[in-house]
Amino acid sequence: MPDLLYLKMPLAAESVKDFENLCQSALGFANSKKQKGWISAEWMISHNENEGYLFHMWECWESKEDFENYMRSPERVSGSYFEQSIRKCASGNSVLFWGKRHIV
């Protein structure tokens with residue numbers, strides 16, 4: 001049964017467009033799609049008065065280990081251009097959950 005990742009990350013209001021561009025770039029989801037074990041992804045950015053802008057992402061991977069291996073790749077490690085770009089856009093602590101994807 002595939003593993004499902006949910007990520008919620010607050011975004012700085014002035015960085016929302018830059019973050020959307022990063023997600024849609026070759027370093028964003030296009031890069032994820034090429035990785036071993038990647039199945040699918042959905043994402044959105046929400047906004048409300050209390051929480052500001054929030055990035056929501058749901059990714060499905062064959063295994064959590066496949067995702068962890070991907071996050072150790074040169075494109076994603078700490079200090080990489082992608083990771084630094086994320087840090088510039090984030091405005092608080094992220095929340096990450098793992099679960100199982102049940103296919104009916």
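One-based numbering along the sequence shown. The model shown is predicted, which means the values in this text are computed figures rather than measured ones.
The distance from the CE atom of Met71 to the OG atom of Ser78 is 10.0 Å, given to the nearest 0.5 Å. To the nearest 0.5 Å, the span separating CG on Leu11 from NE2 on His47 amounts to 10.5 Å. With rounding to the nearest 0.5 angstrom, the OG atom of Ser85 is 7.5 Å from the CG atom of Leu27. Residue Glu14 holds its CD atom at 9.0 Å from SG of Cys89, rounded to the nearest 0.5 Å. From Phe29, atom CZ reaches atom NZ of Lys34 across 14.5 Å, with rounding to the nearest 0.5 Å.
Side-chain contact between Leu5 and Leu96: present, with at least one pair of heavy atoms (C-beta onward) separated by less than 4.5 Å. Using a 4.5 Å heavy-atom cutoff, the side chains of Ile45 and Leu54 are not in contact.
Here Tyr6 and Trp98 keep their ring centres 6.0 angstrom or further from each other.
With hydrogens and angles left out, the side-chain atoms of Ser46 and Tyr53 include no donor and acceptor closer than 3.5 Å. A donor atom on one side chain and an acceptor atom on the other are not found under 3.5 Å apart for Ser63 and Glu65.
What you find for Leu7 and Ser94 is that their closest heavy atoms are CD1-CB, 3.9 Å. Annotation for Ser32 and Glu59: closest pair OG-OE2, 3.7 Å, computed over non-hydrogen atoms. The nearest pair of heavy atoms linking Arg76 to Glu83 is O-CB, 4.2 Å. Scanning both residues, Ala90 and Met9, for their nearest heavy atoms gives CB-SD, 4.0 Å. For the pair Asn93 and Pro10, the tightest heavy-atom approach, listed with the atom from each and the gap, is O-CD, 3.2 Å.
In this structure Ala30 satisfies the side-chain contact (heavy atoms from CB on, under 4.5 Å) test with no other residue, sequence neighbours excluded.
Results of the ring-ring contact (aromatic ring centres under 6.0 Å, His included) test with Phe19 over Trp43, Phe55, Phe82 single out Phe55 as the only residue that passes.
Trp38 and Leu22 fall within the same hydrophobic cluster, where Ile, Leu, Val, Met, Phe, Trp and Tyr residues are linked whenever their side-chain heavy atoms come under 4.5 Å apart, directly or through other members. Residues Tyr70 and Tyr81 fall within the same hydrophobic cluster, defined by Ile, Leu, Val, Met, Phe, Trp and Tyr side chains chained together at heavy-atom separations under 4.5 Å.
Checking side-chain atoms of Asp66 against main-chain N and O of Trp61 turns up no donor-acceptor pair under 3.5 Å. Between the side chain of Gln35 and the backbone N or O of Asn31 there is at least one donor-acceptor pair closer than 3.5 Å. With hydrogens and angles disregarded, no donor-acceptor distance shorter than 3.5 Å links the side chain of Glu62 to the backbone of Pro2.
A salt bridge does not link Lys88 to Asp18: none of the charged nitrogens lies less than 4.0 Å from a carboxylate oxygen.
Aromatic ring orientation, His56 versus Trp58: parallel (interplanar angle below 30°, classes split at 30° and 60°).
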